[in-house]
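A note on names: the letters A, B, ... follow the listed sequences, proteins ahead of strands, and every chain is numbered from 1.
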Amino acid sequence: MSIRIGPKDWADDPLQNEDLAKYPFLNDVSEYIRQTHFDFEEYNRPEFKDIIETAIERIETEASGRLYEKLDRFQREVFIFLATLIIVKSIGIESVLRKYSLFEAMRAEKFLTEDLKRERNEQKRRLLLFKIFKELFNVDIDIDADDERLFKVKITDYLKRASHFHEQEWKLINRMVNKGYVYLDADETVRLFRNELGALVYDKVKMMQLLTLPEALKTKIEELRTKMTHRYEYRATAVTDYPPCVKHALEVMGRGENLPHSARVMLATYMLAIGKPVDEIVMMYENAPDFNEKITRYQVEHLAGMKGSRTKYSVPSCDKLRNENLCFATAECDGIINPIQFGRKMRK
Amino acid sequence: MTESAVVKTINAVKSAFRGYYFKPDMVEAPDKMEQREFGYMQFGQPGMVRHLSFKSMKELTATIMKEVPSDIYCSNAYYRFPTYPMQEKQWLGADLIFDIDGKDLHLPCVPSHSYPICTNCGHASAPVPDEKRKEEHYSCPACGGKKADDISIPCAKCIEGSKREVKRLVEFLTGDLGMQRSDIHIYFSGNNGFHIHVSDEAYIPLDPQARSDLVGYLSGSGLMAESIGVRKGNAENLFFIKFPKSGLAYGWRGRVANKLKIDGSSMIKLKHIVEQKGGYAAFKADLDRMTRDIGVRIDPQVTTDVHRVFRMSGTLNSKSGLAKIKCGDNIDSFDPFVDACLLGDGKLSVKVKTQVKLKLKNKSFNISKESAELPAYAAIYLICKRLAEAS
Ligand code: SF4
Ligand SMILES: [Zn+2]
Ligand SMILES: [Zn+2]
């Protein structure tokens with residue numbers, strides 16, 4: 001089976017199927033599946049048993065916040081990816097979908113960075129840039145004429161994305177800027193698009209229409225759902241006593257959405273202040289798409305004054321939270337200046 | 001001021017403004033007019049009439065003729081429904097605009113032409129030299145009030161200062177940002193500064209955060225020492241040199257490298273410089289000062305606000321009676337006190353509140369007596385500055 005890729009004027013396509021295996025969300029891959037007239041029922045065939053197992057392994061790894069790095073042959077990779085989409089869709093747990101999308105994005109990010117760094121075939125590098133950035137996100141990225149390790153991004157395309165990153169080094173002033181372009185290395189160029197890659201995978205799942213599930217997947221999905229519901233689904237435990245700002249943060253995280261750093265700090269310091277044990281606090285972050293238990297534990301312990309500077313951090317004031325758009329005050333907040341006071345007056 | 005004097009003064013200004021707007025084609029038509037929000041202020045009334053929409057200049061002109069507003073504004077934003085409340089307007093994008101205001105430059109000449117005006121009774125006093133201001137707190141000679149507004153009659157130096165910033169901004173925009181000079185439009189604000197409008201379509205969709213990042217770039221704030229190769233070591237004030245992969249050739253890196261007379265191979269030289277300054281922290285503090293110095297003094301709020309309304313080009317500024325107008329291609333030859341002073345020269349009698357000096361339409365006025373008969377453009381200027389009233 002051969003598939004067409006790229007604009008017709010590329011005489012001989014330098015991109016091979018092995019290259020595409022790393023980027024199964026590309027339009028070309030969907031086109032490939034369409035051309036093979038693949039029917040979901042084919043997942044019931046014995047040769048696909050192994051593909052399904054791999055798909056499940058991939059989802060479980062990603063849902064628990066780790067990168068899945070194994071890469072198969074193209075013909076298998078395509079159907080593994082398709083299976084992950086079907087399974088994640090059928091499980092129907094939002095926070096699983098979000099983590100899966102993020103780690104699929106980071107997986108592609110890893111492959112793409114390597115390709116852009118190691119590939120010596122100039123035409124192939126250009127085609128990759130085109131396939132991924134132009135076709136998917138309509139952004140032009142060029143290779144610098146003087147230094148082929150660097151990539152040129154239009155300033156406005158850069159600002160739209162990087163201005164939402166928090167680290168100081170992403171500020172435009174800390175970049176090499178000239179004549180309307182920002183110059184980035186391969187890692188930076190690809191990192192710039194992480195959210196969009198994630199959103200692309202996320203949308204693929206959301207948009208998917210599932211009519212009937214092949215039997216071979218059905219039981220697997222049931223098993224996985226039971227396992228994951230227990231672990232990941234947002235538990236609406238009694239959060240009614242928390243101040244609205246804390247409640248809001250818990251809800252956002254429960255939905256598996258990203259919480260800004262300042263909100264995470266507020267949540268942790270608040271929980272520490274009311275005497276929650278570190279273990280319990282760490283698990284509150286479990287649904288965050290980028291959850292990493294070790295890092296989270298370190299951070300919470302740091303805030304508790306058990307690590308590093310040994311100063312115990314206090315809960316930020318309502319004023320500060322208001323400034324950071326983290327305040328969701330209700331009438332019950334009247335007259336308090338720190339979330340920690342919430343509810344105290346009433347109980348008295 | 002007595003109530004009748006207030007009415008009389010307002011009427012005098014209003015009639016001068018009406019005369020101005022009566023002439024055809026004074027107000028410049030903004031593009032995509034139907035997607036913009038308009039607003040205006042009325043003489044003697046607080047607050048802005050906002051959320052208006054006009055389909056054509058004819059419609060807008062009719063309203064201006066009818067209301068004779070003190071100030072007329074139009075959004076930099078484009079909306080699907082410009083007349084709806086803010087949350088429902090549906091923002092489509094906004095022009096990129098920069099504001100350079102003479103008063104933000106803190107020029108040494110400013111105290112010599114700033115008139116304290118009592119916020120309680122409106123009494124105006126002669127300018128007070130800077131040193132004296134620090135010692136004595138304001139006390140109104142007429143009512144003993146303790147608060148005053150400083151009303152400045154910008155001098156040629158003030159305008160020169162603003163122009164210098166404008167030129168530096170244009171350099172940044174056409175150099176680092178690679179904009180076409182023809183996409184950059186410079187306007188005199190109508191009082192003491194300039195508005196720079198950018199018509200490059202690529203900037204229209206940018207959100208406030210992206211604009212704020214851009215402002216940081218232009219004003220030189222937040223450059224890390226690491227960006228030019230000075231990295232923090234693992235103990236207080238320790239450092240080492242490692243140049244960034246993409247080099248020091250352009251942008252802020254280039255600017256700083258130039259100042260320090262180094263390039264991507266000056267490892268040892270840079271090490272010496274940092275040591276001389278006293279280590280990482282001291283070098284960083286110095287760097288901050290240097291970049292703010294090289295950066296352009298633009299008002300960060302104005303550029304990041306994508307829902308703001310801006311004074312329209314060709315309309316009068318009620319803080320001065322001068323017009324906001326487009327400066328030609330050569331900003332050096334633009335003189336706001338001539339080119340933006342567009343009111344008539346019929347005589348008007350005014351009561352001047354304190355001794356003042358000003359120069360308009362190339363004519364110098366040095367008014368020391370209380371009652372004076374002045375050409376309308378000068379009389380209105382002083383009234384708008386709250387230094388005179390109609391008599
Ligand atoms: S007022 Fe204070 S406690 Fe209430 S929501 Fe806002 S920040 Fe939280
Ligand atoms: Zn007074
Ligand atoms: Zn001056």
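Listed here is the closest heavy atom pair of A:Ser163 and B:Asp207: OG-OD1, 4.3 Å. The two residues B:Lys245 and A:Arg149 come nearest to each other via the heavy atoms O-NH2, 4.0 Å. Contact between A:Lys179 and B:Thr174 at its shortest, heavy atoms only, is NZ-O, 3.6 Å. The two atoms that bring A:Asn174 and B:Ser227 nearest to each other are OD1-OG, 2.6 Å, heavy atoms only.
When side chains are defined from C-beta on, A:Val177 does not count as touching B:Trp252, because their heavy atoms never get closer than 4.5 Å.
For B:Pro205, the part lying near chain A is the side chain, with the backbone staying farther off; criterion is any non-hydrogen pair under 4.5 Å. With a 4.5 Å cut-off on non-hydrogen atoms, A:Arg175 touches chain B through its backbone but not through its side chain. In this structure, chain A has heavy atoms under 4.5 Å from both the backbone and the side chain of B:Asp176. Proximity to chain B involves both the backbone and the side chain of A:Asn178, based on heavy atoms less than 4.5 angstrom apart. Proximity to chain B is limited to the side chain of A:Leu150, based on heavy atoms less than 4.5 angstrom apart. Of the atoms belonging to B:Thr291, not a single heavy atom falls under 4.5 Å from chain A. Neither the backbone nor the side chain of B:Ser212 comes within contact range of chain A; no heavy atom of the residue lies under 4.5 Å from a heavy atom of that chain. Both the backbone and the side chain of B:Leu177 have a heavy atom closer than 4.5 Å to some heavy atom of chain A.
Identified under the ring-ring contact (aromatic ring centres under 6.0 Å, His included) test for residues 135-160 of chain A, with sequence neighbours left out: A:Phe137-A:Phe193.
Other residues, nucleotides and ligands contribute more than 12 heavy atoms inside 6.0 Å of the NZ atom of B:Lys32. Environment of NZ in A:Lys134: crowded, with over 12 heavy atoms of neighbouring residues, nucleotides or ligands closer than 6.0 Å. More than 12 heavy atoms of other residues, nucleotides or ligands lie within 6.0 Å of CZ in B:Phe240, so this atom counts as buried by the packing criterion. Around CZ of A:Arg118, the count of heavy atoms belonging to other residues, nucleotides or ligands within 6.0 Å does not exceed 12. Enclosure of atom CZ in B:Arg164 is not indicated, since only 12 or fewer non-hydrogen atoms of other residues, nucleotides or ligands lie within 6.0 angstrom. Summarising the local packing, CG of B:Asn330 is surrounded by more than 12 heavy atoms from other residues, nucleotides or ligands at distances under 6.0 Å.
Chain B forms more heavy-atom pairs under 4.5 Å with one residue of A:Asp147, A:Asp185, A:Leu172 than with any other, namely A:Leu172. Most heavy-atom pairs under 4.5 Å with chain B: of the set A:Glu169, A:Gln168, A:Arg161, this distinction falls to A:Gln168. Here B:Ser221 is the residue among B:Pro244, B:Ala249, B:Ser221 with the most heavy-atom pairs under 4.5 Å with chain A.
We find the OG-CD1 distance between B:Ser219 and A:Ile173 to be 7.0 Å, quoted to the nearest 0.5 Å. Residue B:Tyr217 holds its OH atom at 10.5 Å from CG of A:Leu159, rounded to the nearest 0.5 Å.
Interface with chain A: from residues 265-280 of chain B, no residue qualifies, criterion being any non-hydrogen pair under 4.5 Å.
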